[in-house]
Amino acid sequence: MDPALIGYGAFASVILLLALRVPIAFTLAGVASIGTFLIFALRTGEFMPDRAIRPTTSLVFSNSFDLIHSYDLSMIPLFVALGHIAYRAEITTRIYHAARVWLAPVPGGVAMASVVGCGGFSAITGSSIACASTMGRICSPEMLRMGYDKRLATASVAAGGTLGSLIPPSVLFIIYGIFTETSISALFLAGILPGLLSLAGFVLVILVWVLRDPAAAPRFDGTISRSEKVQAALAAWPAGLLFVIIVGGIYGGIFTATEAAAVCVSAAVLIGFAQRKLTFRALWNAIRETCLQTTAIFLIAAAAKIFVAFTALTGVAQDVVSAVQAAELSPVLLLAAIAAIYLVLGMFLDPIGIMVLTLPLMVPLVETYGFDLIWFGVVVIKLLEIGLITPPVGLNVFVIAGVVGREVPIDRIFSGILRFLSADVIVLILIMAFPVLSLLIPGSM
Amino acid sequence: QSLFVGEAGPNRGARADALQWFADTATELSDGALSLDIQWGGALFKANAAVSGIADGVADLGTIIAVYFPQEMVAYNIADLPLENPDAWVGMKATDELMRNSDAIAENLAQQNLVYLGTFTTSAVHIGCKGAAIRTVEDIAGLKVRGVGAYGDTFQEYGANMVPMSIYDAYQGLDTGLIDCSQGYSYATAALKQQEVIDSYTLLNWGQVGALGVFANKQVFDGLDPAVQEALLQAGEGMADELGRLITADNDAAIQTMKDAGVEVIELPAEERAKLVETSKQFVDEWVERANAAGLDGAALLDEYRGLIDKYTQVRDDQGYPWEDS
Amino acid sequence: MLLRLERLLLDLAVLAVIGLGGLITATVLLRTLFNSGVPDAIVIVAELMVAAIVLPAAAVTANRAHIAVEVVTNRLPPRAQDGLIVFGTCFGLIALAPLIYAGWREAASALADGGYFFGELNLPRWPGRVIFLFGVSLCWLRLLVMLVRDVGHLRRGERIPQDTPAHLVEEA
Ligand code: NA
Ligand code: NA
């Protein structure tokens, strides 16, 4: 049987199984394992299962184990833990007290503060998922407690978390830069304006949402004195210190992003104990929750990694790109086709997997059209970030769902995401139509 | 017949061009009986899973980078030793001849279900620094250095503080000051845009990381027609000339790129290099012990390899590089 | 019995996270203050990551915390939804089987060959692989127990209980 046929069958099976509520990790790992087995068993034309066992188990093991067996990705549990610990050490509450105090008069102020906070946190983390999990831990429970619309309280942070890869530093930009041999510093600089533009788009979505449906965000009708504002801001010093440790540490060359994550966790624990807000028991429970949450995320990522390797065997992705190439599209149509491919892949797969799979095929295509690779990188990262919040596999949405638990079902979060996606689409079109948005800052270097 | 090829690197650059040349040449030599489907970017397996990926048949053949497999690839690791072996083409020809003709190595690989087809190299190891310049070995002390293998171990012997980091993170590390220097190869240093962040680049001319090449699954290979096997072996042997041509040109262009970017290019004086070679001797001895432990005659292999390096250095000096034929 | 084991493994995962966080912090402190480091820290952190990520897998399963897409099936009658939960559990048993087989092969060969990570300490390869095999196997066992119990509920005409076993996550 043709591997491509097995590939298309697998894609259809994944959609069916996901619709039938089979957990995502099981769906991707199971379909990829069976599909890989079939491809190897049918390679000679006849069915020879004996020959398929060894390559199938090897592919399944190395792709899942190597993802988990990783120094760099240890920053994910650490940044998740930072959120839980900061929450139990009451560092978070004080950020929110300050945010509430300062933004109270604005309609939807806390949701806006969450998105702005995501933007700020993005400047100190390279991973969208770490951004969503940390800020989700801080913002979503607070907004829910304040009586915000559940969709707004969750979707704003899931969307805001996607800023993590566009605003530097960014793991995705580093991987893109290496695969395309483009300057990583130029890519970092190129992400700044599109990142801020996305942030502004999200704030605008919240404003429109709250103006049209005032009940979505409880109105504040007291008055706050200047000294209260100053006091609230000063009480948030531990958060400020963590911020300085990360920014100063990374930009000052004292440590890497992974090390920054560990140092911040240690600092948060010290601050928590020093202020007598954190107990050993609370710390232990915070990390227990971290483990349960991180495991659920990694199981999906590992399964997606297996699925990516299986997809490579089928040649399906390559077929799609070859078809695009053969069609000799106009530049605008080509960009639309590329966007469509990334959006479809983004529905199911993780960003790093998609890049690994597509960039080797995309870059020659893009170069024949004479596009700027730095600008194209910004477009790709934006598309991948959109993939983090599109159903059915929206990793940022799952992270937020893990944070808020049963209180808000996943489909409610996705329904809130729709409004933020509309802003994302407009920002994406702007980035595509006006390369200067991406190239202005790196060009002025 | 279509075979899967697993390659952890991207489909750009000199090594990718050489691998594509290998695939095209093998197809041509087999009169079209063979086609190779290269899976780039580690889509099937990453570099650190290449040995099991090929031996288990995830891909039928593929690139193995020996630094990830100090046990399995102990014989091949000889090409990573600091043996005053800085010429890319000479290194590849010597490595290829050793790997191709040693029965002991072939037997060692066969036990792992592998067959050697042909070799690449990353070319000579040099070092780029920001806010520092290595002119003598004394300059190394106290520097924060990213380095690998016996080269990194030697820097440490001279008082460097080793910072564990991949070559891809080196740009950011140099930029932020997390590291002062990064070990690398000229074409890669330029491809990773490190000339934007380094002030000096010292040509060590000390050795190379040359133990990376194409291997096949033995079971699959044994099942091929003899004519197809021969096509693969012959294409593999030709890789040294093809990559030698490409990488030598790329390295020359990279040095020029660095100079244009205002980087000071320093030639390490011969007496300083002699100190590096002397200090790194212990790591060569270590390799001999590891090879012996794996049932190979380490000292004999080393002698043979040194002889081959001398032989191809002589060939180069007498006849020039094969691509320079006038 | 299974619940106690899951809780123990979860606590071991907590230790692994504390360990890797502490180890990385120590690396930074040693480097900035004393210009030195922890040997093979990268390998140790990666091995601890396996413990941190894989050991809680059974507890996540017991919590019914696997992420699934519920949009499509939410409007189905409760019994049909419960039927799909059982189907998902069955598919999980199928999906994890190749991982367990592969993990067993890898763990066995790492133990037999004495494979190690090349570095200052030449740390053995087997601990991470054995932990991986153990964590995934226990997850499979938990799925099997859930399948048996859930089918029992369905047969008796009851709903499948959705509540989290309270002893897994305690609030302080
Ligand atoms: Na970021
Ligand atoms: Na998605």
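Lettering follows sequence order; numbering is per chain, from 1.
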statement: Most contact-rich option vs chain C, by heavy-atom pairs under 4.5 angstrom, among A:Val269, A:Thr27, A:Leu283, A:Ile34, is A:Thr27
query: Looking at A:Ser64, A:Ser74, A:Ser62, A:Ser33, which makes the most heavy-atom pairs under 4.5 Å with chain C?
result: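 If we count pairs closer than 4.5 Å to chain C, A:Ser74 comes out on top.
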With a 4.5 angstrom heavy-atom cut-off, which part of [X] approaches chain A: side chain, backbone, both or neither?
| X | value |
| --- | --- |
| C:Ala52 | backbone |
| C:Glu47 | both |
| C:Val14 | both |

- request: For the pair C:Tyr101 and A:Phe61, evaluate ring-ring contact (aromatic ring centres under 6.0 Å, His included) and give the outcome as yes or no after the intermediate values.
  value: CA-CA 9 Å; C:Tyr101 176 74; A:Phe61 181 84; over 10 Å; no
How far apart are the closest heavy atoms of [X] and [Y], and which atoms are they?
| X | Y | answer |
| --- | --- | --- |
| A:Phe307 | A:Val31 | CE1-CG1, 4.0 Å |
| C:Leu10 | A:Cys291 | CD1-CB, 3.9 Å |
| C:Arg79 | C:Gly157 | NH1-CA, 3.7 Å |
| C:Leu23 | C:Ala41 | CD2-O, 4.0 Å |

task: Can you establish whether the number of heavy atoms outside A:Arg276 located under 6.0 Å from its atom CZ is more than 12?
output: no
- prompt: Under 6.0 Å from the CH2 atom of C:Trp104, do we count more than 12 heavy atoms belonging to anything else shown?
  reply: no
Residue [X] versus chain C: region with a heavy atom under 4.5 Å:
| X | result |
| --- | --- |
| A:Ile68 | both |
| A:Leu28 | neither |
| A:Arg412 | neither |
| A:Ser70 | backbone |
| A:Val60 | both |

query: Does the side chain of C:Gln81 come under 3.5 Å of the side chain of C:Arg159 through a donor N or O and an acceptor N or O?
result: no
message: For a salt bridge (charged side-chain N to carboxylate O under 4.0 Å, His left out) check, start with the C-alpha distance between A:Glu259 and C:Arg31, then their side-chain angles and the critical distance, and finish with the verdict.
response: CA-CA 12 Å; A:Glu259 291 170 348; C:Arg31 186 175 66 228; 2.9 Å; yes
field: Any pair counted as salt bridge (Lys or Arg N to Asp or Glu O under 4.0 Å), so long as it reaches residues 59-70 of chain A, sequence neighbours left out
entry: none
Per-residue contacts, residues 139-155 of chain C versus chain A, heavy atoms under 4.5 Å: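 So far as heavy atoms go, C:Leu143 are the residues that approach chain A to under 4.5 Å.
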- prompt: According to the interplanar angle, ranging from 0 to 90°, do the rings of C:Phe91 and C:Phe87 count as parallel (below 30°), tilted (30 to 60°) or perpendicular (above 60°)?
  reply: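 It falls in the tilted class, 30° to 60°.
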